[in-house]
Amino acid sequence: MAASSLDIISDLEQRELISQLAGGDELREHLASGSRTVYCGFDPTAESLHVGSVVPLLVLKRFQQAGHKPIALVGGATGLIGDPSFKADERQLNSSEVVGEWVERLKPQLGQFLDFDCGENSAVLANNLDWTRGYDVLGFLRDVGKHFSVNAMIQKESVKQRIERDGEGISFTEFSYMLLQSYDFAELNKRYNCTVQVGGSDQWGNITGGIDLTRRLYQNQVYGVTTPLVTKSDGSKFGKTETGTVWISSHMTSPYALYQFWLNVADADVYKYLKFFTFLPVDEIEEIERSDKAAQARPEAQGILAREVTELLHGKGGLNAAVRISEALFSGDISSLTSDDLAQLELDGLPCTEFRGGSKGIVEVLVETGLAKSNKMAREFIGNNAVNVNGQVVDSVDFELSGSNALEGKFCVLRRGKKLFHLAKFVQ
RNA sequence: GGAGGGGUUCCCGAGUGGCCAAAGGGAUCAGACUGUAAAUCUGACGCGCAAGCUUCGGUGGUUCGAAUCCACCCCCCUCCA
């Protein structure tokens with residue numbers, strides 16, 4: 001068994017992936033002394049996970065690599081309620097149809113990193129709706145609710161601002177979220193002998209709730225590990241770009257966009273992200289950092305990070321497409337691209353809009369492609385020399401795009417600002 | 001059910017009859033500088049080429065004129081029952 005040969009907690013600590021441990025040394029001993037079952041839950045709050053949620057998911061995989069059995073739990077039930085932890089305000093409830101749909105989309109995303117066919121420690125995919133759906137209200141209140149003290153619950157840091165801050169409130173629905181998640185832990189303990197829960201640091205309250213409940217219901221000692229919130233050194237929110245949230249679904253965020261996202265990570269954050277988001281050994285990451293510092297030039301780290309993560313999420317094919325587009329747009333001479341190259345860019349996932357007929361004013365094109373929100377903005381961008389067609393700066397709002405000034409009679413590569421590209425394709 | 005306090009442009013938050021498309025901050029975007037960084041500086045930031053148009057929870061009303069006053073309604077918060 002690999003478990004004893006690799007101290008998973010020490011590895012996570014080296015990667016700065018541990019925010020808090022519930023159980024401490026006892027947990028280390030627990031993990032070192034055998035193959036354990038570890039779970040992490042993901043609520044369906046959108047049709048895809050975003051990059052931030054990958055951290056605990058990868059931690060689950062790290063546990064599996066260390067010989068433990070991972071359970072990826074999709075919150076078909078908890079997603080119907082809404083986790084209030086550290087949320088400033090009450091969330092809108094989604095319909096059960098929508099949540100059900102999202103559950104189905106999340107399943108393959110959760111599964112893609114884990115190994116479901118490796119014997120003893122094969123991964124398990126679970127849905128908490130399975131044991132919550134049929135639970136009657138009175139039974140739940142008597143069997144589970146009785147173990148929770150409201151006095152203790154309102155002391156939790158995670159709901160404090162909702163309780164104390166003027167102008168905010170919390171519904172009973174959201175307040176009961178903790179009971180459901182706690183019950184999940186207890187239930188997984190009973191079903192799978194699951195003894196460790198992993199989650200983001202915002203989950204601490206819910207995890208300790210589950211530890212207490214499991215002890216009370218089944219007299220079993222279970223443990224918790226939380227991962228730090230992924231932060232950015234400049235204080236802005238991690239996982240957003242000018243075009244919105246960075247999703248792990250390739251339909252929502254193309255491999256190219258994902259690759260660019262990681263390539264643009266700040267120096268101050270990149271080595272930390274290498275530890276968080278890749279499986280590169282820590283000493284290798286430290287070596288990269290050393291050589292970047294010594295080089296006094298553009299760091300290598302962002303490129304490594306972008307390649308590693310893009311391949312991890314979208315495979316070799318996705319990575320190759322992302323690299324092809326990036327090279328064509330950022331280091332090549334755009335006007336020398338052949339129509340095959342351009343068609344490939346479209347296939348590789350560079351956003352593309354089709355235009356019919358003869359010619360089209362640049363302002364209109366910018367708006368239709370989404371490169372500008374309004375005509376007014378489009379004009380402003382042009383005035384700032386921020387718009388570029390096929391490598392040429394557009395200097396007039398009267399500029400017209402047509403088949404005749406398109407590359408190979410068909411494509412125009414539009415650029416707004418330094419990094420935002422879009423393909424305009426002229427068809428008959 | 002009662003009493004009080006609120007709902008302003010992406011967010012926070014000023015404004016309390018005309019000078020308000022609405023202070024200030026944040027976020028965001030663009031330009032310069034650079035490494036497709038960071039920091040910094042400059043500019044933009046409801047829509048419209050413009051005249052002008054549409055916004056301040058909703059609907060009506062008062063007024064020459066309303067985000068600001070009145071009526072009703074919806075939603076949120078606090079306390080009481």
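Every chain is numbered from 1 and lettered A, B, ... according to where its sequence line falls, protein lines coming before strand lines.
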> Would you find a donor on one side and an acceptor on the other, under 3.5 Å apart, between the side chain of D43(A) and the backbone of D83(A)?
Replying inline: no
>> If you only use heavy atoms from C-beta on, which nucleotide in A37(B), A30(B), U36(B) is closest to the side chain of R416(A)?
In response: A30(B)
> Do we see a donor-acceptor contact under 3.5 Å between the side chains of Q197(A) and Q203(A)?
Replying inline: no
>> Need the pair for U68(B). Rule: Watson-Crick or G-U wobble, both distances under 3.5 Å, any strand; none if unpaired.
In response: none
>> Tell me every residue that passes salt bridge (Lys or Arg N to Asp or Glu O under 4.0 Å) with D348(A), counting only those two or more places apart in sequence or in another chain.
In response: R324(A)
>> Between C49(B) and C69(B), how far apart are the two P atoms, rounded to whole Å?
In response: 36 Å
> How are the rings of F277(A) and Y273(A) set to each other: parallel, tilted or perpendicular (split at 30° and 60°)?
Replying inline: perpendicular
>> Using atom C1' in both nucleotides, what's the gap between G31(B) and C45(B) to the nearest angstrom?
In response: 15 Å
>> Quick check: do I382(A) and L366(A) have side-chain heavy atoms less than 4.5 Å from each other?
In response: yes
> Taking only N and O in the side chain of R298(A), is any of them less than 4.0 Å away from OP1 or OP2 of U36(B)?
Replying inline: yes
> Which part of the nucleic acid does Q260(A) contact within heavy-atom distance under 4.0 Å: base, sugar-phosphate only, or nothing?
Replying inline: base
> Rounded to the Å, how far apart are I163(A) CD1 and C76(B) P?
Replying inline: 17 Å
> Taking the P atom of each, how far is G46(B) from C56(B), in whole Å?
Replying inline: 16 Å
>> Return whichever of K418(A) or S171(A) has its heavy-atom-nearest nucleotide of RNA chain B closer to the 5' end.
In response: K418(A)
>> Both distances below 3.5 Å, Watson-Crick or wobble geometry, any strand: find the nucleotide opposite A81(B).
In response: none
>> Whole angstroms only, please: what is the NZ-C1' distance between K419(A) and U34(B)?
In response: 11 Å
> What is the distance from CG of L366(A) to P of A30(B), rounded to the nearest Å?
Replying inline: 13 Å
> With L141(A), which residues qualify under side chain to side chain contact (heavy atoms under 4.5 Å, CB included), at least two apart?
Replying inline: V137(A)
> How does protein contact run along nucleotides 40-50 of chain B, one letter per nucleotide 5' to 3', with B for base contact, S for sugar-phosphate only, - for none, heavy atoms under 4.0 Å?
Replying inline: ----SS-BBS-
> Distance between the P atoms of A22(B) and U28(B), in whole angstroms?
Replying inline: 24 Å
> Mind checking who U63(B) pairs with, Watson-Crick or G-U wobble, both distances under 3.5 Å?
Replying inline: none
> Please give, in whole Å, the distance from A37(B) P to K232(A) NZ?
Replying inline: 13 Å
> Rounded to whole angstroms, how far apart are CD on Q302(A) and C1' on A38(B)?
Replying inline: 11 Å
>> Tell me which pairs pass side chain to side chain donor-acceptor pair (under 3.5 Å) where either residue lies in residues 371-385 of chain A, with sequence neighbours left out.
In response: none
> A3(B) and U68(B): how far apart are their C1' atoms, nearest whole angstrom?
Replying inline: 25 Å
> Who are the salt bridge (Lys or Arg N to Asp or Glu O under 4.0 Å) partners of K293(A), not counting sequence neighbours?
Replying inline: E289(A)
>> Please name the nucleotide paired to G43(B) by Watson-Crick or G-U wobble geometry with both distances under 3.5 Å, or report none.
In response: C29(B)
>> So, using salt bridge (Lys or Arg N to Asp or Glu O under 4.0 Å) as the criterion, who are the partners of E287(A) when residues are at least two apart?
In response: R290(A)
> Atom CZ of R162(A) and atom C1' of C76(B): how far apart are they, to the nearest Å?
Replying inline: 12 Å
> G6(B) and G13(B): how far apart are their C1' atoms, nearest whole angstrom?
Replying inline: 14 Å
>> I need the CZ-C1' distance between F261(A) and A37(B), as an integer number of Å.
In response: 14 Å
>> Expressed as a whole number of angstroms, how long is the span from I170(A):CD1 to C76(B):C1'?
In response: 15 Å
>> Rounding to an integer number of angstrom, what distance separates C29(B) and C74(B) when you compare their C1' atoms?
In response: 36 Å
> Looking only at atom P, what distance separates A66(B) and U55(B), rounded to whole Å?
Replying inline: 11 Å
